[in-house]
Amino acid sequence: MGNHSDGSPNHSGTVATAGQNEVEKFQDPGLPPHRLRLADTDPRAAKRAERQVAFLFGLSVVGTATFILAYFLIDLGEGSGATIATIRLQNALLGLGTAFAMLGIGTGIVHWAKALMPDHEVSEERHAVRYEEDRQAAVRIVDDIVEETGIKRRPLIRNTLLGAVALAPLPAIAIFGDLGPRPDKALAHTMWAPEDGKLKRLTRDPDGTPIKASDVTIGSAFHVIPEGLNELHEGKLNEKAKAVVLLMRLDPESLNPSPGREDWGYNGIVAYSKICTHVGCPVALYEQQTHHLLCPCHQSTFDLTKECKVIFGPASRPLPQLPIAVDDEGYLVATSDFNEPVGPSYWERDEHERSIKS
Amino acid sequence: MSAASRAEAPAYVAKTKVGRITDFVDERVGGSGILREFGRKVFPDHWSFMFGEVALYSFVILLLSGTFLTFFFDPSMAETHYDGSFTGLQNVEMSVAYSSSLDISFDVRGGLFMRQVHHWAALLFVASIAVHMLRVFFTGAFRKPRELNWVVGGVLLILAMAAGFTGYSLPDDLLSGNGLRIIDGVIKSIPVIGTYISFFLFGGEFPGTVIIGRLYMLHILLVPALILLMIVLHLFMVVVHKHTQYPGPGRNDGNVVGYPLGPVYAAKAGGFFFIVFGVIALMAAFFTINPIWNYGPYDPSPVSAGTQPDWYIGFVDGALRLMPGVIGDFHFEYVIFGYVLTLNVLLPALVPAGILFTVMFMYPWIERWITKDNREHHVLDRPRNAPTRTAIGMAGFTWYCVMWAAAGSDLIATHFNVSLNDVTYWLRALFFIGPVLAFIVTKRVALALQRKDREIALHGRETGRIVRLPHGEFIEVHAPLDDYKRYKLVGFESPAPLPAVPNEHGIVTRKEKRRAALSKLFFEDRVAPATPGELEAAHGHHGEHEAVETAEEQRSLTH
Amino acid sequence: MKALSQKRRHPLAAIALLLMGLLVTGGLYAVATTMNQAKASTTNFTEHDTEEGGKLFAANCATCHGMGASGTQDGPSLVGVGAASVDFQVGTGRMPMQMNGPQAQEKPVQFNEEQTRQLAAYVASLGPGPSIPEAGLLDEKGNAAEGGELFRVNCAMCHNAAAAGGALTRGKYAPPLAGVSGQHIYEAMATGPQNMPVFNDANISPEGKRDIITYLKQIETNGSPGGADLGALGPVAEGLFVWIAGLGVIIAFTIWLTSRTS
């Protein structure tokens, strides 16, 4: 059955890559002799294998039945008193039923093939992927086709066709122009900007209760949204995605505000954008003793005592600070919008930042 | 001629009804010819050849379970208040997409099971593609004539990742929403057009109200259609090339040895579909995947510890984690001509994945250029018999694994009680050192294994039986191999370095010199297969042969 | 049967019956009084408690926290941390600390309930601070859905959405919350142990804290509807599982499938 030495791997090679002398090689002994299986010689073994296969197929029927019973007998409807445990039970039984139904058929067929079908290995000749005469015939055909179209003789046709085909997809690209609006300065602004001269209160996420300065005890961390966010009917999540803020209070001594930012906090209370300057995850992990803020997505760490400078991880820019003060009623308010765009960087960010600051 | 055959054709009339129907169809589609061509086609049998099938079957299961899910899923991002049967989210504000995903999980019988089947099958789909590609790489199955099929396979891997990612985001839960936000951040870091792409993708600012619907369309129509197309191409080429086979007695580049399609191979492959389905069903029955009810609806404010993508995107996420944003006083984000270049995001997001995929796609041509080998290869290399290729593969795999591990750095920290920061520092170091170490170690291990093969081919297997010779020498008896087993150990090629050759103008180009240097790197350290001459010499000099005979004698004496 | 009826007439039977009656009565009384005490301990402490607590403090805590709990270099001042803080730190075994490290580890509890209460009484007497919560706030009968929402906003980023825990910087971590009593969860929120921020009543109202505990206990008792939760760690655990278990089983099948039958 096996082809002998003349077909061995090294014979078809170029001399350059074959690392050994042709003479000094073992000859391919050909396919090893076929060994008979137990079921080939012993009819009882064959009968046993037959019963095993039938048993596996029977198991599959049991699986199918399990699935159908679990589907119809376990009620998840209203008033059925179904709990999480009921759902778990049904899920497990449906899965187990399917698994048995499938594995029964699969293992049955495979066992049948392995134990009872002939297991003689066969050798088949490989054929070249391409024959030289086919190549020549193909070249002739292509030449004829090209000749009949006359495209070589009529360059005007060829060139105009190429031009037309090259331009034709342009509308297909242009038609996607309405996928979204052009980027504008919206990225640079948030809801914190005072509206009609009224400063926005800091309110609790998610219920929107305004926060008094006295509520924020040392070591506290408040998750904050701007006043009026919950009342928005459109684009609520878009605004929330930019405006969320983390409010913390620490010993005023440990804050080191840079010149011009001394009055951005209030008595040790500071508010920073919660949106990571790396790729925008919420930087919500506040360690109240080390005063570090950690982003759970990529572990950028910001030091609150150094105006949220990056001290570890992939972020490169400090978190933007929201300037806050206290209004007449003792509630915390944002005195202005952020002084720079929040969140991850983008190509036009610097331009936007300059326009905010000017 | 056709007239003549038409005149003779009616001679055959099927006896049974089924036979007549079959004949009716056959006369119109020509099934007999197809069956004659493929019915007994030979397929080699080896467990490592099955991963492509695992991928194919997972894909079929994905189509089946996915179709079920589309009947109940609503990709709308409109606001709603949940009123299904899960008490933990009662009356919580959420999108319709998330609410319908919860309904599938809690109120549609078998819906949770189908969701879990779909997600487990998706993870298995990409994993089996990856393992299949590793097998193809390490055995050299990508060599001529299969280079293009290797590329199609690579495209399939990318498409599988795309299918997975677009599906991951659909339930609009907190985990996947934060994943989308990360994608948005990465897109925004692209110079010049990043902001535009982001606005076009999300229909304005993140998160907007259109992204789920758009991803849904990509997930259920475009990506699966492309995958199907690529699968058809892939299988077509498999038929054209026929399957590769492992080296061994009776196997060579001119033949293919194995079982005929009908019945054995068809039965095994067909049965295997049910086995894969059964294994996925078992996982879905007993193991939770993507418990969206824990994560809650997407909201830009919260985030969960352990926010990670599914495993196949993990290496990109890991690279993002490993990149330092600031080194000393140097910030990787800087302003150039008034525009922001965000290298701390751009580099890790694009460069490692870019290098991995470029090298992967190019590798068949790289190796072909270095070895100047233009022959067809249908007999595989055992990985140890191509030490440098195996080492390159392991270096790449290690590099991937370092980034992969980095995506779980927080879980490594909590589960092994080490500092999160230290894990990152170590992985940063391994990012550079790991591949180099893996290359060196793998190459040496491969060479050592080759040497072991050579020993066994020449001296036989160690039996563990120690025999004392009459003159007092102790010796371990080696059992000689039969011809078939020996051929398996010696029947391989061991190419030598190809020195630089001048071109037709008699000049050795710089490119050729570079090629020669690489060829030296590839093949300088090599273990040539044992030769008959060496076997002869081994038996003559070392006396093992005699030792065996002595042992036999002693045994016959004691009996 | 016969044997029993004979024993019934045994001279010692009456005594045994009497003893049994006494035991039952005494046991019931003991249970009733401890229940009363448990209620009492959440509200006020006796002078005796404070006194005993002071002795325990001097013997076990003062090394680090200083005499009078005014703090030293090794431990912070405990004036004004409140009874809740002591009940959490000592009741979960975090205090006394075994050694200095990134954070105090949970370990077997060192003091019994009585002693813990006395220590709490002593520290509470030093200055006003969060007290041990009322039993009504720990009944796990709040609104789980609202608790879940509060949990995701305020807690999930450190403790994970399924309360499976997570990593913090430099070896610190947020522990998993399964198996932690409602009282300790409440106290942790109220006092902000270690690096956990404080969630005072203005931030999360007592009612909200009750909802959070209800939510946590609900997900803990319900378990996952989909089967084993693989640690509720998310995609990393799922990926590992599919690579090791999923592919492992499939590879076992492929080896069987391609092996020769004997």
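Chain letters run A, B, ... following the sequence lines, proteins first, then strands; residues in each count from 1. Worth saying up front: this structure is predicted, and the values here are computed from it rather than measured.
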Look at A:Arg37, A:Gln90, A:Lys114 and state which one has the largest set of heavy-atom pairs under 4.5 Å with chain C. A:Lys114
Chain C contacts: which residues in residues 287-302 of chain A have a non-hydrogen atom closer than 4.5 Å to it? A:Glu287, A:Gln288, A:Gln289, A:Thr290, A:His292, A:Leu294, A:Pro296, A:Thr301
Where the side chain of A:Arg88 meets the backbone of C:Ala228, is there a donor-acceptor pair that is under 3.5 Å apart? no
Hey, which of C:Arg170, C:Met157, C:Lys172 has the most heavy atom pairs under 4.5 Å with chain A? C:Met157
A:Thr107 portion near chain C, given a 4.5 angstrom heavy-atom threshold: both
Say you draw a straight line from CG of C:Leu150 to CZ of A:Arg204; how long is it, rounded to the nearest 0.5 Å? 7.5 Å
At what distance, to the nearest 0.5 angstrom, does CZ of C:Arg152 lie from NE2 of A:His223? 13.5 Å
Compare every heavy atom of A:Asp119 with every heavy atom of C:Arg260, then report the nearest pair and how far apart it is. NH1-OD2, 3.0 Å
Heavy-atom pairs under 4.5 Å with chain A are the metric here; pick the option from C:Thr221, C:Leu257, C:Thr258 that has the most. C:Leu257
Mind checking the CG-NE2 spacing from A:Leu285 to C:His159? Nearest 0.5 Å is all I need. 9.0 Å
Could you grab the distance from atom CD1 of A:Ile84 to atom CD of C:Gln218, nearest 0.5 Å is fine? 7.5 Å
By a 4.5 Å heavy-atom criterion (distance strictly below it), what part of A:Asp205 contacts chain C: side chain, backbone, both, or neither? both
Proximal component of A:Ala221, with respect to chain C [non-hydrogen, under 4.5 Å]: both
Pick from A:His111, A:Met248, A:Lys212: which one has the most heavy-atom pairs with chain C under 4.5 Å? A:His111
Please classify the contact of A:Leu103 with chain C as side chain, backbone, both or neither, using a heavy-atom distance under 4.5 Å. side chain
Are the side chains of A:Tyr286 and C:Leu168 in touch, meaning some heavy atoms are under 4.5 Å apart? no
Looking only at C:Gly166, C:Ala167, C:Ser224, the option with the highest number of non-hydrogen pairs under 4.5 Å against chain A is C:Ser224
What part of C:Ser259 gets within 4.5 angstrom of chain A, counting heavy atoms only: side chain, backbone, both, or neither? both
Most contacts with chain A, counted as non-hydrogen pairs under 4.5 angstrom, among C:Ala202, C:Pro225, C:Gly226, C:Cys158: C:Pro225
Euclidean distance, A:Ile211 CD1 relative to C:Asn203 CG, rounded to 0.5 Å: 7.0 Å
Heavy-atom distances under 4.5 Å only: say whether A:Leu247 touches chain C with side chain, backbone, both or neither. neither
Okay, A:Ile218 and chain C: the region with an atom under 4.5 Å from a heavy atom over there is backbone
Return yes when atom CZ of C:Phe241 has more than 12 non-hydrogen atoms of other residues, nucleotides or ligands closer than 6.0 Å, and no otherwise. yes
Does NZ belonging to A:Lys306 count more than 12 external heavy atoms closer than 6.0 Å? no
More than 12 heavy atoms of other groups within 6.0 Å of A:Phe100 CZ: no
Can you tell which part of A:Arg249 gets under 4.5 Å to a heavy atom of chain C, answering side chain, backbone, both or neither? neither
Heavy-atom distance under 4.5 Å between the side chains of C:Asn200 and A:Phe222, does that happen here? yes
